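No experiment lies behind these values; they were computed from the predicted model shown.
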2 protein chains.
Amino acid sequence: MNVAADTKERILTTARELFHGRSYADVGIKEICTLANVQKGSFYHFFPSKRDLAMAVIDYMADDWAHGFVAEAFDGALPPLERLDYMVDAVYYWQKAAKDLEGRMPGCLFGNLALEISTRDEVIRARINAVFTKASARFHEALDQAVERGDMAPLDSQATATAMLAYLEGVILLAKTRNDPEVVRQLGPAIKSIRIELKPPN
Amino acid sequence: MNVAADTKERILTTARELFHGRSYADVGIKEICTLANVQKGSFYHFFPSKRDLAMAVIDYMADDWAHGFVAEAFDGALPPLERLDYMVDAVYYWQKAAKDLEGRMPGCLFGNLALEISTRDEVIRARINAVFTKASARFHEALDQAVERGDMAPLDSQATATAMLAYLEGVILLAKTRNDPEVVRQLGPAIKSIRIELKPPN
DNA sequence: TTGACTTGACCGACCGGTCTAATATAATTT
DNA sequence: AAATTATATTAGACCGGTCGGTCAAGTCAA
């Protein structure tokens with residue numbers, strides 16, 4: 001059981017790294033197995049298919065993410081608007097570290113997979129969408145608190161939260177295309193300037 | 001010559017559609033050839049490799065794009081800030097039309113390819129980056145004119161232009177993940193709220 | 001006759017996935 | 001506690017299919 005759990009974990013972490021660093025299609029099961037020191041038979045004992053592995057990796061990463069720097073960034077102790085900066089910083093340092101290590105900016109695993117797979121696999125698309133929805137909720141929370149504290153004028157906090165997430169993903173996309181994490185640093189802070197006003201009551 | 005040009009064009013348009021609708025890795029040369037009514041030998045007469053095809057598709061699309069709705073959107077006759085709305089609208093209608101036709105939102109070909117391939121192929125990455133740089137220049141232009149006309153307070157127009165492009169890409173990414181073009185309509189207009197201030201002179 | 005273009009059979013490599021047999025590990029019976 | 005059974009895991013050879021790409025022989029216009 002201990003050994004088994006370890007094998008499964010090794011597959012997951014290896015697959016996550018490879019998918020993130022390259023792409024879903026570009027990484028073969030054989031390669032994952034080799035790097036994880038696992039035989040093919042073992043792999044297919046734990047995962048019915050590559051597709052299922054992808055979903056497991058998404059869940060795994062989402063979990064790590066939610067309990068990792070996203071949890072830190074959106075820590076209630078921080079002033080709401082500072083959480084946005086914290087989030088941007090976290091993205092920057094993460095991408096910078098990855099680039100220093102591997103030479104390339106991997107970008108956001110969810111964004112990557114979304115654009116690569118979501119036209120072909122409805123289930124995976126929905127899965128990634130759920131991750132985004134959850135992330136957006138954190139922004140939403142922070143915005144509501146900021147408004148409540150009088151840090152910013154009232155606005156459509158839900159739409160703005162989604163817009164901020166979109167912006168963050170867009171910045172990461174552009175930074176990856178330039179292979180330059182500094183883009184995140186330069187453009188990221190402007191996330192606070194995004195505003196969608198409340199629909200005027202009829 | 002006429003026939004040949006036609007064959008090459010058929011390959012390009014077919015490949016562009018397929019790459020855009022699915023992904024680079026997911027579309028095989030055989031499939032492209034079948035749909036384009038071309039034999040494999042002919043294909044390799046025009047394109048040395050799949051990779052070269054991808055680059056040709058990028059150039060082809062960038063050209064179409066630049067002379068198509070981007071040219072319209074950034075027509076100098078339009079007031080600068082309205083060009084942004086025009087651009088957002090164009091994206092919306094395009095994506096909506098594609099979804100109504102195929103059932104899925106294809107997103108932005110350049111964004112898709114960037115996230116899928118740019119970690120693996122430096123040349124293609126640079127190519128897509130160039131397209132983005134060019135697009136960003138259009139935003140830059142519009143912003144400068146807007147400032148000049150007094151439509152908006154002075155700002156770091158270059159950085160803001162890049163940020164706006166990032167936002168647009170991010171919105172498209174999110175909309176694709178939700179498979180819902182309406183996201184573009186809802187979030188798109190907020191592009192005008194993005195601001196990056198000028199660095200204060202030392 | 002030349003050279004651009006087409007045809008389609010063909011190639012080795014690799015893909016995701018299967019299968020059978022061996023081997024640990026745990027549960028059950030005696 | 002030992003023996004037995006059941007089950008979870010590992011091992012890796014193997015499979016059909018598809019991939020990007022090659023090639024030799026042809027067609028056709030200039």
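Proximity of A/T7 to the phosphate of D/dT10: a side-chain N or O atom is located under 4.0 Å from OP1 or OP2. Between A/S49 and C/dG16 there is no side-chain N or O to OP1 or OP2 distance below 4.0 Å.
Whole-Å rounding puts the A/L53 CG to C/dG16 C1' distance at 12 Å. Between the CD1 atom of B/I29 and the C1' atom of D/dG21 there is a distance of 7 Å, rounded to whole Å. B/D52 places its CG atom 14 Å from the P atom of D/dG20, with the value rounded to the nearest Å. Per the geometry, CZ belonging to A/F46 stands 17 Å off P belonging to D/dT7, to the nearest Å. Atom pair B/I32:CD1 and D/dT18:P shows a separation of 16 Å (rounding to whole Å applied). In this entry the distance linking CG of B/D26 with P of C/dC15 reads 15 Å, nearest Å. With rounding to whole Å, A/K8 atom NZ is found 13 Å from D/dA8 atom P. Atom NE2 in A/H45 sits about 15 Å away from atom C1' in C/dA22, given to the nearest Å.
The nucleotide whose nearest atom lies closest to any side-chain atom of B/Q39 is, among D/dG21, C/dG8, D/dT10, C/dG8. For B/S42, counting side-chain heavy atoms from C-beta on, the closest listed nucleotide (D/dG20, C/dG17, C/dT6) is C/dT6. With C/dT18, D/dA8, C/dT6 as the choices, the nucleotide that has an atom nearest any side-chain atom of A/Y44 turns out to be C/dT18. Comparing C/dG16, D/dG20, D/dT9 by their nearest atom to the side chain of A/K50 picks out C/dG16.
The minimum heavy-atom distance between B/A36 and B/T14, with the atom names listed, is CB-OG1, 3.4 Å.
A cation-pi geometry, defined here as NZ or CZ lying under 6.0 Å from the six-membered ring centre and within 45° of its normal, does not hold between B/K50 and B/F43.
Along DNA chain D, the nucleotide nearest to A/N37 and the one nearest to B/K40 differ in position, and the one closer to the 5' end is contacted by A/N37. Between B/K30 and A/V38, it is A/V38 whose nearest contact on DNA chain D lies nearer the 5' terminus.
No side-chain donor-acceptor contact under 3.5 Å links B/R185 and B/Q95.
If you look at A/H20 and A/W65, their ring centroids are not closer than 6.0 Å. Aromatic rings of A/Y86 and A/F74 (six-membered ring for Trp) have centroids beyond the 6.0 Å cut-off, not under it.
A/G28 comes within 4.0 angstrom of the backbone, heavy atoms only, and of no base.
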